[in-house]
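Okay, structure first, notes after.
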Amino acid sequence: EEIITTFQSRFGRQEWLKPYTSQTLKELPSMNIKNIHIISPGFSADCLETLEELEKENREYFEKAGGKKYKYIPCLNDNPLHISMMMGLIQKHTQGWEI
């Protein structure tokens, strides 16, 4: 099992962080990596941009390059445990604040 870190959401004229997700997904099948799980840990909830890029666009790049299995792991979104964890963090880090 291998973990590969990539960066997405390029915009503007300046170079973005590398390696690019789209380019990496196009290359993986030629490296005999044909089954992947993909996750976006930078978000706690899925947004339309993430779903469009990771769930659809990048899946197409991977499959057209010869990839067989592409599994997008969704964010925690409105999972009750996620909400509880976020509430705990907020409560812990706002103790003593004057309102």
Side-chain angles (χ1 to χ4, degrees):
E1 194 169 296
E2 186 174 346
I3 296 174
I4 300 170
T5 302
T6 63
F7 302 91
Q8 68 172 53
S9 299
R10 297 185 311 238
F11 61 93
R13 295 182 181 161
Q14 294 188 11
E15 189 172 8
W16 195 247
L17 299 171
K18 289 185 177 179
Y20 299 144
T21 299
S22 58
Q23 188 61 41
T24 301
L25 290 171
K26 292 174 186 176
E27 296 168 358
L28 290 177
S30 69
M31 299 164 53
N32 207 32
I33 298 173
K34 301 194 181 220
N35 301 315
I36 65 167
H37 286 77
I38 192 163
I39 188 168
S40 182
F43 297 102
S44 62
D46 288 308
C47 66
L48 291 177
E49 177 187 5
T50 304
L51 291 174
E52 177 65 27
E53 289 179 3
L54 292 180
E55 182 92 50
K56 295 183 181 190
E57 272 181 43
N58 287 313
R59 175 189 301 272
E60 289 177 18
Y61 295 143
F62 182 70
E63 290 174 349
K64 284 182 182 177
K68 301 294 179 203
K69 230 177 166 183
Y70 184 101
K71 169 78 171 129
Y72 174 68
I73 300 169
C75 294
L76 297 172
N77 296 312
D78 63 348
N79 180 301
L81 292 173
H82 182 225
I83 302 302
S84 176
M85 181 270 305
M86 294 297 282
M87 285 176 45
L89 283 174
I90 291 168
Q91 289 170 345
K92 177 182 176 181
H93 292 285
T94 57
Q95 286 184 9
W97 285 22
E98 290 187 35
I99 299 179

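Below, each value reflects all heavy atoms present in this structure, side chains not excepted, and no hydrogens, waters or symmetry copies.
A salt bridge does not link E60 with K56: none of the charged nitrogens is closer than 4.0 Å to a carboxylate oxygen.
Counting non-hydrogen atoms of neighbouring residues, nucleotides and ligands closer than 6.0 angstrom, the CD1 atom of I73 exceeds 12 such neighbours.
Every residue two or more places apart in sequence or in another chain was checked for a salt bridge (charged side-chain N to carboxylate O under 4.0 Å, His left out) with E2, and none qualifies.
When side chains are defined from C-beta on, I83 does not count as touching P80, because their heavy atoms never get closer than 4.5 Å. Between T21 and L54, some side-chain heavy-atom pair lies under the 4.5 Å cut-off. Put simply, the side chain of H82 reaches to within 4.5 Å of the side chain of S44, judged on heavy atoms.
Of all non-hydrogen atoms in T5 and P19, the two that sit nearest each other are O-CG, 3.4 Å. Across all non-hydrogen atoms, the minimal contact from E15 to Y20 is CG-OH, 3.6 Å. Of all heavy-atom pairs spanning A65 and L25, the tightest one is CB-O, 4.4 Å.
Between the D46 side chain and the C75 main chain, a donor and an acceptor come within less than 3.5 Å of each other. Panel note: side chain W16, backbone F7; no donor-acceptor pair is recorded below 3.5 Å. With hydrogens and angles disregarded, a donor-acceptor distance shorter than 3.5 Å links the side chain of N79 to the backbone of L81.
The CD atom of E55 lies 7.0 Å from the OH atom of Y72; values are rounded to the nearest 0.5 Å. With rounding to the nearest 0.5 angstrom, the CD atom of E57 is 9.5 Å from the CD atom of Q8.
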Could you pull out every donor-acceptor pair under 3.5 Å between side chains of residues 35-42 and any protein atom, sequence neighbours left out?
{"residue": "N35", "atom": "OD1", "partner": "K69", "partner atom": "N", "Å": "3.4"}

Less than 3.5 Å apart, which donor and acceptor atoms pair up between the side chains of residues 27-34 and the rest of the protein, not counting sequence neighbours?
{"residue": "E27", "atom": "OE2", "partner": "Q23", "partner atom": "NE2", "Å": "3.0"}
{"residue": "S30", "atom": "OG", "partner": "E27", "partner atom": "O", "Å": "2.7"}

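Using a 4.5 Å cut-off between side-chain heavy atoms of Ile, Leu, Val, Met, Phe, Trp and Tyr, with links allowed through other members, Y61 and L51 fall into different hydrophobic clusters.
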